[in-house]
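Contents: one structure, followed by commentary.
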Amino acid sequence: MPATTAQPANPARREFLRDSALAGGGLALGMALAGLAQAADGPGIAGELNVWVVVKPDDSTLIRIARTEMGQGTLTGLAQLVAEELDADWSRVSTENVTAGRNFAAKRAWGEMGTGGSRGIRMSQQYVRQGGAAARQMLMQAAAAHWQVPLAELSTQAGSVRHAASGRSLRYGELAAAAAQLPAPDANSLRLKDPKTWRIAGQPMKRLDTRPKTDGSKVFAMDLQLPGMLVAALRACPVFGGSLLSYDQAAIAGRRGVKGVVKVNDSTLAVVADTWWQAKTALDSLPIVWDEGVNASASSASIAALLADGLAAPSAFADRNEGDALAAIAGAAKKIEASYSTPFLAHACMEAMNCTVQISADKAQAWVPTQNAEAAHAALSEASGLPLARCEVLHMDPGGGFGRRGGAQDYVRLAVPVAKQFPGLPVKVMWSREEDMTHDFYRPISAARLSAGLDAAGNLVGLAVRVSGQSINAFVAPQSVAGGNDRRQLQGFWKEPGDAQLGYSVPHLRVEYAMRNSHVPVGPWRGVNTNQNGVYMECFIEEVARAAGADSLAFRLKLMGQHPKHRAVLQAAADKAGWGGPLPPGRHRGIAQFMGYGSYSAAVAEVSVNAQNAVTVHRLVLALDCGHAVNPQQIAAQVEGSVAYGLSAALFGEITIEAGRVKQRNFDTYPVLRLAGMPQVETVIVPSFDFWGGVGEPTICVVTPAVLNAVLAATGKPVRDLPMRAAA
C-alpha cells in the first residue's frame, strides 16, 4: 500500500569483528568527514570529484555506495541523498559498490561499511550528503572560472550549472574534468539543503536495483561462477559445543567429482567436489562420529527453567529504579501481574549462508554476501594469515540478511580453511538449508514478568519489569557485560531519548534484566530486543488498561504527556485506522506503540478469531516517525516487509531444542507467512524533520503486540507466550 505523509584509526582485525557484532551488524565507530577528497589508493579516474561522485563526459553520474543493499533500499536512498546535494539528473544516475580492500587502502575514505541496526542511511547521511554538496560546489567553481563570473551568480539544476544573468549553462559532463582538478572545499563551508526543499531525496523514486533482480540478470553469491571453481558442502556437529571424533573418508573415495574431505575445525567437516550436488550427496554418505558433549542433554524445557530462575531470582541488574515501584505496587488499590515468553528465532534468509574464497601464496580474495564488508575483510585476513593489505572482499548483495550476515562472519572463517587446501582455485562453500537453519545465531530466547499498581481512580502509580534471557553481548563480547549488566537486552525500556526510549512516564518504575545464557549461539535478528520487549510492554499495558476500565488508546495517551513524538505517532495510527469507529462483524482492534532504532512506531491491527481459535489478520495500519523520510515509497515497502517478518514470528516462529540440537530443519517445520496470509497494510509517515531515525527494523516491534491485543479484544483471553499456535 502507498505511504501517506502527515578517523579513528583502523581497528585491529579482532576489534572489527567484536565491534560489528556489538553494533547489531554494523560498526559503531564515529567518523570525521569522509570522502571530500579523492581516495588515497592511486590516481583518480577522469571526472572523479571525490570518493562519492564521478561525473562522466556523457553527463552520467556514478555514485559509490559503501553500505550493503539487501532488499531494504539503502542503495537507492543513499544515492538519492548524494544526488540531491549534487543537483544531479536522476535519470542519469548509477551506482557502484566500494570494496573493503579499497576502503582500507584509502584509509577508510568511505567511512564504515557495516549495514545493520537500521543505520545504513541515518549513520552515513551527513558525510554522503557533504560528498554531493562538495562535488556540486567544485562544478560551480569550474564554471565560474570558465565564464569569469562570481560564484554567487551561479545556480545548478538537473546536472547543469547555470548563469541566469547571461542565460548560459554548462552540463556537468563538460565541467567534470576541470572540476576534478580543484581542491575539495572545506567541510565547514558546505551548507546542506533543508530537507523540506528536497526534490530528489524525500521523493518516491523507483529503486535502482529493481531491474536486475526481476529480469534474472542479478548474480547473487550463491549463483557465482568462476573459472576452475570447486564447490564445498559443510557440516558441523549437530549439538552446539560438540566436536568431531572421526570420519571414514574411504567410504566416499572414488565418487565422481569429489576432490576430498577437509577438516575445517574441531567440529566441522567439508566435502569438496566439482558441483554442489556431488559435494552434498558425498557428505550425506560420509560416516561421521560426533562427540556431542555435555550439551546433548539440553532441551527447550531446561532452557525455560533457566529463564524462570532468572524471573524468580532475588536480585537482577536494575537499569532503571525511579521512586519505589515495588512499594507503590504493594500499596496500590489494584494490582496486575503477568508473565510472557518469546522463543529462539532463526533468520531463515532466502539465500543460505555461503562464501567463495580464493587463496594464493600472497593474496586472499573472497566473494561474500555480507552486511559488513570490513568485518568480512578482517575475518578473511585473520583466517588466512595474510595482512589486510593483501586481502580483498567483493561484497555481493545478500539474499536476505536480518542481522545474520553482520558480525558473525562464520561463513568467511569456515570457508578459508577449505580454500587453503586448493591453492589458486576459487572454492564456493555452501550451507544446505538444513545446515543453515540448525547452525544459526538465533534471536535470543527470553521471558518477562511485569507487575503494576493502579490507584482507586485507575491511574498507573507503579510499574516493575524484569526480563530474563540470553544476552547477545555475552556471546560475542563477554567482557562487555561483566556482572550481567547488559542494557542492550532492555532496548525500548531506556530512559534516554534518541534510540529506544520507553514512551510512558510512570511515578514509580523499576526495569531489571536477569542474564541467563544457554549453549545456543545468539545474535542480532531484525529488530533484536525491541521485538520481544515491545510484546512484553504493550501487551501488559493493554491488560493494565483493561483492569483500569479504560480505553486502550486513551490509557496510553494519558501516560505519554512527556513524550510528544510517541504520542503523535500513536494518534496518527489510531486516526488512520478509525479507532473507536465501527468494524465489520467479527472483527476486533488492537493497538501498540514502541520505539527502536531511533524511530517512533505505532500500529493498529484488525483481526478475527473463528470457533477453532484460528486467527486471521485482516488489516494493519502502521505509523512511523523516522524524522527525515528519504524515500516514502521505500519506507512503505519496508513497513510491509516488517509485517510479513513480524507476523511470521508471531504466528509460527519457534526454534526448539531437543537432545541439545535444533529440531527445526527446513520450512516445513519453520514456516513463514504465505501470500494468502498477508493482511492489508497501510503506512502513515509522520515526519518531524528534526532527527534521523531508522526504517528497516522499528515497525516490527509493534506488529505482534497490536495483533495480540486485538486477539485479546476478540477472545477476552491474553496470549502471553509466542508463537500464537503454541497458545492455541
Side-chain angles (χ1 to χ4, degrees), residues 222 232-245 247 263-271 276 279-304 343-355 369 398-415 418 429-445 470 472 475-476 517-526 648-649 652-672 723:
M222 191 74 84
L234 202 71
R235 182 155 301 161
C237 182
V239 176
F240 303 113
S243 61
L244 174 67
L245 280 181
Y247 58 96
K263 181 180 179 181
V264 181
N265 58 32
D266 289 341
S267 63
T268 312
L269 278 177
V271 172
W276 159 250
K280 182 185 182 302
T281 54
L283 183 58
D284 290 341
S285 300
L286 181 66
I288 306 172
V289 179
W290 305 104
D291 177 2
E292 297 183 350
V294 297
N295 295 326
S297 61
S299 66
S300 290
S302 67
I303 294 171
F344 291 116
L345 291 177
H347 294 84
C349 301
M350 185 60 66
E351 178 189 22
M353 298 303 109
N354 68 93
C355 178
F402 316 120
R404 174 64 178 93
R405 289 182 155 104
Q409 303 300 322
D410 54 319
Y411 37 86
V412 178
R413 288 183 282 102
L414 294 175
V418 182
V429 179
M430 297 169 59
W431 277 237
S432 65
R433 173 59 61 190
E434 290 76 13
E435 195 70 20
D436 184 283
M437 193 163 284
T438 57
H439 290 84
D440 200 345
F441 291 83
Y442 305 90
R443 188 190 75 173
I445 192 170
Q470 198 154 346
I472 295 172
F475 185 76
V476 299
N517 295 318
S518 76
H519 74 300
V520 178
V522 294
W525 183 98
R526 189 178 179 186
S648 293
F652 319 114
E654 184 180 27
I655 289 293
T656 58
I657 306 298
E658 184 178 279
R661 67 198 72 205
V662 171
K663 289 182 63 177
Q664 292 72 23
R665 296 175 55 80
N666 210 315
F667 289 115
D668 59 335
T669 51
Y670 192 84
V672 296

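Summarising the local packing, CG of Asp668 is surrounded by more than 12 heavy atoms from other residues, nucleotides or ligands at distances under 6.0 Å.
With sequence neighbours excluded, no residue satisfies salt bridge (Lys or Arg N to Asp or Glu O under 4.0 Å) with Glu435. With sequence neighbours left out, Tyr411 forms a ring pair (Phe, Tyr, Trp, His ring centres under 6.0 Å) with no residue at all. When the salt bridge (Lys or Arg N to Asp or Glu O under 4.0 Å) test is applied to Glu658, the partners found at least two apart in sequence or on another chain are Lys663. With sequence neighbours excluded, the residues that form a ring pair (Phe, Tyr, Trp, His ring centres under 6.0 Å) with Phe475 are Phe441. Phe402 is linked by a ring pair (Phe, Tyr, Trp, His ring centres under 6.0 Å) to Tyr645, counting only residues two or more places apart in sequence or in another chain. Every residue was checked against the salt bridge (Lys or Arg N to Asp or Glu O under 4.0 Å) condition with Asp291, not counting sequence neighbours, and none meets it.
Panel note: side chain Arg526, backbone Gly403; no donor-acceptor pair is recorded below 3.5 Å. The closest donor-acceptor contact from the side chain of Glu351 to the backbone of Met222 lies under 3.5 Å. Side-chain atoms of Ser300 come within 3.5 Å of backbone N or O of Ile657 as a donor-acceptor pair. No donor-acceptor pair closer than 3.5 Å links the side chain of Asn517 to the backbone N or O of Gln470. At least one donor-acceptor pair under 3.5 Å links the side chain of Asn354 to the backbone N or O of Ala352. With Asn265 contributing its side chain and Thr268 its backbone, the two residues share a donor-acceptor pair below 3.5 Å. With hydrogens and angles disregarded, a donor-acceptor distance shorter than 3.5 Å links the side chain of Tyr670 to the backbone of Ala346. Counting only distance, with no hydrogens or angles, the side chain of Arg433 and the backbone of Met350 share a donor-acceptor pair below 3.5 Å.
In this structure, Val264 and Val418 have side chains that are in contact, with non-hydrogen atoms separated by less than 4.5 Å. Side chains of Arg443 and Pro524 form no contact here, defined as non-hydrogen atoms less than 4.5 Å apart. Residues Pro343 and Pro723 form a side-chain contact, since some pair of their non-hydrogen atoms from C-beta on lies under 4.5 Å apart. No side-chain heavy atom of Trp431 sits less than 4.5 Å from a side-chain heavy atom of Cys355.
What you find for Pro444 and Gly523 is that their closest heavy atoms are CD-O, 3.9 Å. The two residues Gly399 and Cys349 have their closest heavy-atom pair at O-CB, 3.9 Å. Residue Asp440 comes nearest to Pro521 through the heavy atom pair O-CG, 3.5 Å, listed as atom of the first residue, atom of the second, then distance. Counting all heavy atoms, side chain and backbone alike, Ala348 lies closest to Phe667 at CB-CE2, 3.8 Å. Of all heavy-atom pairs between Gly660 and His519, the closest is O-NE2, 3.0 Å. Closest approach of Phe344 to Val522, counting heavy atoms only: CE2-CG1, 4.0 Å.
Note that CG of Leu244 is 4.5 Å distant from CG of Leu269, once rounded to the nearest 0.5 Å. Note that CG of Leu245 and CD1 of Ile288 are 11.5 Å apart. Values are rounded to the nearest 0.5 Å. The structure places CH2 of Trp276 at 5.0 Å from OG of Ser432, a figure rounded to the nearest 0.5 Å. Here the CD atom belonging to Gln664 is positioned 14.0 Å from the CZ atom belonging to Phe652, to the nearest 0.5 angstrom. Considering OG of Ser267 and CZ of Arg235, their distance stands at 13.5 Å, rounded to 0.5 Å. Between Ile655 atom CD1 and Ile445 atom CD1 the span is 11.0 Å, to the nearest 0.5 Å.
For Arg404 and Asp436, the salt-bridge test fails: no basic side-chain N is under 4.0 Å from an acidic carboxylate O.
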Where do Val520 and Phe240 land on the side chain to side chain contact (heavy atoms under 4.5 Å, CB included) test, with the steps shown first?
CA-CA 6 Å; Val520 178; Phe240 303 113; 4.2 Å; yes
Checking side chain to side chain contact (heavy atoms under 4.5 Å, CB included) for the pair Met353/Met430: CA distance, chi angles, key distance, verdict?
CA-CA 6 Å; Met353 298 303 109; Met430 297 169 59; over 6 Å; no
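Aromatic ring pairs are classed by plane angle as parallel below 30°, tilted from 30° to 60° and perpendicular above 60°; the pair Trp525 and His347 is tilted.
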